Enquirer: 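Structure provided below as structure tokens; questions to follow.
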Amino acid sequence: MLELMPERLNSFPPILPRNPRVLILGSMPGEESLRRSQYYAHPRNAFWPLMAALLGEPLPAEYEARKEMLLRHSIALWDVVGTCFREGSLDQNIQDEELNDFPSLFDSCPGISHVFCNGTRAYTLFKGKFHPPRSIELIRLPSTSPAHAVPFERKLAAWGQIRTALNYP
């Protein structure tokens, strides 16, 4: 019996403010995000509620307003993987991945001082295949995925490192 290979998946372009100071990296958008063409579209993913809480803003309902929230605070958002094969949404199923073009990103955004990885897989993929060209702090944060069953308050405490990187009180 012939087994069909899943179709190759492509991530999104970055959300990129004019002068980003912080870069947050996921691994690869999940099925719901790909279907809706939105970062962190799964309703149980904690990313957007965490960002709103960290930035002291109400959680915007609309995706465009969520993106604007990041832009106002000089936060860039992208994924480590540009293209891959994967069945389902689990990071452990990512295969034959090709990374996004980080050398070009860092060349065009010299103000980035911190890279925060949303979960272990984003961290290991990035660290294992890319070495930043200058002194950029690389930090692994607990995944915002609903599959990573950590209480919101614990995630919020860990993700608070973003406020420090932005020099927020």
Side-chain angles (χ1 to χ4, degrees), residues 11-30 32-33 36 38-81 89 91 99-169:
S11 67
F12 310 134
I15 295 173
L16 196 58
R18 186 169 294 137
N19 296 304
R21 296 170 42 204
V22 163
L23 171 62
I24 300 173
L25 293 175
S27 53
M28 178 72 187
E32 183 67 10
S33 293
R36 292 173 54 187
Q38 297 179 2
Y39 282 104
Y40 302 105
H42 193 287
R44 289 191 353 238
N45 191 295
F47 179 81
W48 293 111
L50 279 171
M51 295 311 300
L54 287 172
L55 300 173
E57 297 198 19
L59 177 62
E62 299 298 320
Y63 182 64
E64 289 304 314
R66 291 176 177 197
K67 291 185 342 185
E68 285 296 322
M69 177 177 63
L70 296 182
L71 296 174
R72 279 193 307 277
H73 292 276
S74 302
I75 297 172
L77 179 63
W78 208 11
D79 284 304
V80 176
V81 177
S89 291
D91 285 350
L99 299 191
N100 277 313
D101 183 4
F102 292 105
S104 293
L105 178 74
F106 289 125
D107 284 347
S108 66
C109 300
I112 294 174
S113 62
H114 292 76
V115 174
F116 292 95
C117 294
N118 186 351
T120 300
R121 184 71 166 153
Y123 179 81
T124 56
L125 283 167
F126 183 83
K127 189 172 181 181
K129 296 187 179 183
F130 183 75
H131 303 286
R134 59 183 189 279
S135 178
I136 294 175
E137 193 167 347
L138 179 64
I139 299 166
R140 179 180 54 86
L141 296 173
S143 174
T144 60
S145 167
H148 186 66
V150 170
F152 182 85
E153 293 74 23
R154 277 190 42 209
K155 289 181 184 183
L156 182 61
W159 279 69
Q161 295 175 79
I162 292 172
R163 289 185 59 79
T164 304
L166 292 169
N167 296 318
Y168 288 4

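Numbering of residues begins at 1 and proceeds along the displayed sequence. Not measured: the values here are computed from a predicted model. Hydrogens, waters and symmetry mates are skipped; everything else that's a heavy atom, side chains included, is used.
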Enquirer: Do M28 and L125 have side chains that get closer than 4.5 Å, going by heavy atoms?
Expert: no
Enquirer: Do Y39 side-chain atoms and Y63 backbone N/O form a donor-acceptor pair below 3.5 Å?
Expert: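 Looks like no, no N/O pair under 3.5 Å.
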Enquirer: What is the distance from atom CG of L50 to atom CG of L59, rounded to the nearest 0.5 Å?
Expert: 10.5 Å
Enquirer: Does one side chain, of Q161 or H114, offer a donor that lies under 3.5 Å from an acceptor on the other?
Expert: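 Q161 vs H114: no donor-acceptor pair found between side chains.
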Enquirer: Should W48 and L70 count as side-chain neighbours, where that means a heavy-atom distance under 4.5 Å?
Expert: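 They are in contact (side-chain heavy atoms under 4.5 Å apart), so the answer is yes.
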Enquirer: Does any N or O in the side chain of R163 come within less than 3.5 Å of the main-chain N or O of P169, such that one atom is a donor and the other an acceptor?
Expert: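 Yes, the answer is positive, given that a donor and an acceptor are paired below the 3.5 Å cut-off.
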Enquirer: Decide yes or no for L54 and H73: does some side-chain heavy atom of the first lie under 4.5 Å from some side-chain heavy atom of the second?
Expert: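 Not touching, per the 4.5 Å side-chain cut-off.
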Enquirer: I'd like to know if the side chain of R21 reaches the main chain of L166, judged simply by a donor and an acceptor atom lying under 3.5 Å from each other, with no hydrogens or angles considered.
Expert: yes
Enquirer: Would you compute the distance between atom CG of L23 and atom CG of L138 and round it to the nearest 0.5 angstrom?
Expert: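 Going from CG on L23 over to CG on L138, the span is 10.0 Å.
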Enquirer: Between F130 and F102, what is the ring plane arrangement, given parallel below 30°, perpendicular above 60°, and tilted in between?
Expert: tilted
Enquirer: Look up atom CG in L77 and atom CZ in R66, then write down how far apart they are to the nearest 0.5 Å.
Expert: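 With rounding to 0.5 Å, CG (L77) is 12.5 Å from CZ (R66).
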Enquirer: With sequence neighbours left out, what residues match D101 under side chain to side chain contact (heavy atoms under 4.5 Å, CB included)?
Expert: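 By the side chain to side chain contact (heavy atoms under 4.5 Å, CB included) rule, D101 matches P103, S104.
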Enquirer: For the OG atom of S143 and the CZ atom of F47, what is their distance to the nearest 0.5 Å?
Expert: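 Reported to 0.5 Å precision, the distance equals 11.5 Å.
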Enquirer: Using side chain to side chain contact (heavy atoms under 4.5 Å, CB included) as the criterion, list what pairs up with P58, not counting sequence neighbours.
Expert: none
Enquirer: Tell me if a side-chain donor or acceptor on R36 pairs with a main-chain N or O of A41 at a distance below 3.5 Å.
Expert: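 Side chain of R36 to backbone of A41, a donor-acceptor pair under 3.5 Å: yes, one is there.
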Enquirer: Evaluate I24 against M51 for side-chain contact (heavy atoms from CB on, under 4.5 Å), listing each step before the verdict.
Expert: CA-CA 11 Å; I24 300 173; M51 295 311 300; 3.8 Å; yes
Enquirer: Give, for atom OG of S27 and atom CG of D79, the distance between the pair rounded to the nearest 0.5 Å.
Expert: 6.0 Å
Enquirer: In Å and rounded to the nearest 0.5 Å, what is the CD1 to CD distance from I112 to E137?
Expert: 14.0 Å
Enquirer: Can any side-chain N or O of S33 pair as donor or acceptor with the backbone N or O of Q38 at less than 3.5 Å?
Expert: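 It does hold such a pair.
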Enquirer: Does the side chain of L141 reach to within under 4.5 Å of the side chain of I162, using non-hydrogen atoms?
Expert: yes
Enquirer: Between S11 and V81 (side chain of the first, backbone of the second, donor and acceptor by atom type, cut-off under 3.5 Å), is there such a pair?
Expert: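 Side chain of S11 to backbone of V81: a pair is present.
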Enquirer: So, for K67 and I15, which heavy atoms are closest and what is the spacing to 0.1 Å?
Expert: CG-CD1, 3.4 Å
Enquirer: What are the two closest non-hydrogen atoms of C109 and L16, and how far apart are they?
Expert: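 For C109 and L16, the tightest heavy-atom pair comes out as SG-CD1, 3.9 Å.
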Enquirer: If you define the side chain from C-beta out and look only at heavy atoms, does anything of C117 sit under 4.5 Å from I139?
Expert: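 In short, these two side chains do not touch, never coming nearer than 4.5 Å.
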Enquirer: Tell me if the centroids of the rings in W159 and F116 come within less than 6.0 Å of each other.
Expert: no
Enquirer: Check whether any side-chain heavy atom of R154 sits under 4.5 Å from a side-chain heavy atom of P142, and report yes or no.
Expert: no
Enquirer: Is a side-chain N or O of N19 found less than 3.5 angstrom from the main chain of S74, in a donor-acceptor match?
Expert: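 No.
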